[in-house]
Amino acid sequence: MDQNHEQINSTKNALEPHVLIFPLPFQGPVNCALKLAELLCLSGIQVTFLNTDHIHRPLLQHTQVLARFNSYPNFKFETVPDGVEHEKPVSGDRFMEVMEAVDRVSKPLFREMMVSGKFSSRSERPVTLMIPDGCFSFAVEIAKETSIPVICFDTVSPCCLWTCYLNLPTLIEAGDVPFKGDDLDQLIASVPGTENVMRRRDLASFCRTDDISNDPVIELIVKEARSVPQADGLIINTFEELDSLVLPHMRKLCPNVYPIGPLHSLHKARLMPKTTTPSPEATFTNSVWKEDRTCLLWLDKHAPKSVLYVSIGSLATMSVHQLLEIWYGVVNSGNPFLWVRRPGSITGEYDESMVPSELLARTKEIGCIVDWAPQEDVLGHPAVGGFLTHSGWNSTIESIVEGVPMICWPYFVDQQVNSRFVEEVWKIGVDMKDTCDRLIVEKAVRDVMDVKRDVFAKSADTWKILAEESISETGSSSRSVARLIDDIKAMSNAKK
Ligand code: UDX
């Protein structure tokens, strides 16, 4: 019997806590939540993982999650309909469509499941604690109604969670949102901790609104700002040093914060050594697109730190004009590049006949384009020297872990904040927000890959080391996870 099963069986007859995890139905949050689920399972905690149908289908299609979690007798998937009709995962422009469908269809069903105790029918105990995404304020409400302890898991960046989510009511009250006038470079003084860092242009994309009273995203975030502090705890994917600017302030509002990041490395450190499968990386993926692992062979052929990796994550899109500007900038920088072009990520009419032949010819020589890459492995590959990213939080923290400097081209939500922190706070890259011009792109790539490479490499290495330390046995994130597990057990027993 392996160590996992021994651990699980030793607690089998004890009164097991039974945690319900309910992530937002998008790639990033589901990926993080599955990693957390696996860590909890290893500690003998019973986990029910609730996905909405829309995200569960592609997850089963492209991963080995069912086989992987089959080895945990204390884990089960449940699904809830969400009324989203698209067969494939949707892009960011449909974010609110999904959220509205979840609110309309999943929320009442979820309430019914919780009130009727449906989750207990196939398990030894009813749900003793809920871990919903922080965005699901209705889940916090239902937890309170049913007297179930609740710990929110917010997978957006903590720097944005603090400045633009938890402080959105403050920003509105101070008159900072909506903006008055059009000076996007004005500093934001109303948010404690980031007074010298954040300009209007660095606030989350939803802050660029004219009409806060009729904006569904503002309404959603204001609800989240009210509900998260009412939860019994808040899990975030960061480590103490990385977010030292905001964490002391966040703790004044939400005293029980668990910074358990970088979650993907902590997960890897705990899980990977135990696996005996020939290709552990492929087994561990939670990607809702099919990964093209051949790009790793392409990377093998390149010199250390010579390749630029380009990806805009799972939700961002770009127009044909933006595609061509970035493409020219990248090609003109002269660096070999690996570019992920997620199906559906280019908006409007597009086909290769619209691309100048010189660009295609040069791409054949120095580029590799794939639909979806095994990103963690790509960023960890010695050939990768820079990352042109949309600054999604997972991409950012994955890059930090590998010490890869970034060129940031943020698209929406927390990405505007993340790109500012990358340039101004962590000093590990260049922020290109609000621009899309081939000359600017070329300069940014040259700066990161060549001209200022040593400066960026120095700070990137420092953060890489701090990230590693945080997940070591005595590191701050390891201690946070241990405390989280103890607290789940204590809160569950108090619930009995
Ligand atoms: C969304 C929001 O856009 C982001 O700002 C927020 O922080 C989380 O939700 P997303 O577009 O999914 O993020 O970007 P990101 O958070 O960076 O996550 C993308 C994930 O997909 C990463 O874990 C990355 O490793 C993975 N990925 C991306 C791949 O595995 N292969 C790829 O080719 C591209």
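Quantities reported herein were computed from a predicted structural model and do not represent experimental measurements. Note that these values count all heavy atoms, side chains included, but never hydrogens, waters or copies made by symmetry. Note that ligands are numbered from 1 as they come in the structure, with each ligand's atoms numbered from 1 the same way.
Under the 30°/60° scheme for interplanar angles, the aromatic rings of Phe110 and Phe22 are found to be tilted.
Residue pairs meeting the salt bridge (Lys or Arg N to Asp or Glu O under 4.0 Å) criterion with at least one partner in residues 339-350, sequence neighbours excluded, are absent. Sorted by first then second residue, the salt bridge (Lys or Arg N to Asp or Glu O under 4.0 Å) pairs that include residues 192-204, not counting sequence neighbours, are Asp185-Arg199, Asp185-Arg201, Arg199-Asp202, Arg201-Asp434, Asp202-Arg420, Asp202-Lys433. Listed by first and then second residue, the salt bridge (Lys or Arg N to Asp or Glu O under 4.0 Å) pairs involving residues 314-331 are Glu325-Arg438 (not counting sequence neighbours).
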Short N or O contacts of ligand 1 with protein, under 3.5 Å, listed by atom name?
{"from": "ligand 1", "atom 1": "3 (O)", "to": "Gln415", "atom 2": "NE2", "distance (Å)": "2.4"}
{"from": "ligand 1", "atom 1": "5 (O)", "to": "Asp414", "atom 2": "OD1", "distance (Å)": "2.3"}
{"from": "ligand 1", "atom 1": "5 (O)", "to": "Gln415", "atom 2": "NE2", "distance (Å)": "2.9"}
{"from": "ligand 1", "atom 1": "7 (O)", "to": "Trp393", "atom 2": "N", "distance (Å)": "3.0"}
{"from": "ligand 1", "atom 1": "7 (O)", "to": "Asp414", "atom 2": "OD1", "distance (Å)": "3.3"}
{"from": "ligand 1", "atom 1": "7 (O)", "to": "Asp414", "atom 2": "OD2", "distance (Å)": "2.7"}
{"from": "ligand 1", "atom 1": "11 (O)", "to": "Ser314", "atom 2": "N", "distance (Å)": "3.1"}
{"from": "ligand 1", "atom 1": "11 (O)", "to": "Ser314", "atom 2": "OG", "distance (Å)": "3.4"}
{"from": "ligand 1", "atom 1": "11 (O)", "to": "Leu315", "atom 2": "N", "distance (Å)": "3.3"}
{"from": "ligand 1", "atom 1": "11 (O)", "to": "His390", "atom 2": "NE2", "distance (Å)": "3.2"}
{"from": "ligand 1", "atom 1": "12 (O)", "to": "Ser314", "atom 2": "OG", "distance (Å)": "2.4"}
{"from": "ligand 1", "atom 1": "14 (O)", "to": "His390", "atom 2": "NE2", "distance (Å)": "2.8"}
{"from": "ligand 1", "atom 1": "16 (O)", "to": "Trp393", "atom 2": "N", "distance (Å)": "3.4"}
{"from": "ligand 1", "atom 1": "16 (O)", "to": "Asn394", "atom 2": "N", "distance (Å)": "3.0"}
{"from": "ligand 1", "atom 1": "16 (O)", "to": "Asn394", "atom 2": "ND2", "distance (Å)": "2.9"}
{"from": "ligand 1", "atom 1": "17 (O)", "to": "Ser395", "atom 2": "N", "distance (Å)": "2.9"}
{"from": "ligand 1", "atom 1": "17 (O)", "to": "Ser395", "atom 2": "OG", "distance (Å)": "2.5"}
{"from": "ligand 1", "atom 1": "23 (O)", "to": "Glu398", "atom 2": "OE2", "distance (Å)": "2.6"}
{"from": "ligand 1", "atom 1": "25 (O)", "to": "Gln375", "atom 2": "NE2", "distance (Å)": "3.3"}
{"from": "ligand 1", "atom 1": "25 (O)", "to": "Glu398", "atom 2": "OE1", "distance (Å)": "2.6"}
{"from": "ligand 1", "atom 1": "25 (O)", "to": "Glu398", "atom 2": "OE2", "distance (Å)": "3.2"}
{"from": "ligand 1", "atom 1": "30 (O)", "to": "Ala373", "atom 2": "O", "distance (Å)": "3.4"}
{"from": "ligand 1", "atom 1": "31 (N)", "to": "Trp372", "atom 2": "NE1", "distance (Å)": "3.4"}
{"from": "ligand 1", "atom 1": "31 (N)", "to": "Ala373", "atom 2": "O", "distance (Å)": "2.6"}
{"from": "ligand 1", "atom 1": "33 (O)", "to": "Ala373", "atom 2": "N", "distance (Å)": "2.8"}
{"from": "ligand 1", "atom 1": "33 (O)", "to": "Ala373", "atom 2": "O", "distance (Å)": "3.4"}

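Partner Met250 forms a side-chain contact (heavy atoms from CB on, under 4.5 Å) with one of Pro158, Cys159, Pro229 and no other, that one being Pro158.
Here Lys268 pairs with Glu376 in a salt bridge; the nearest charged N to carboxylate O distance falls below 4.0 Å.
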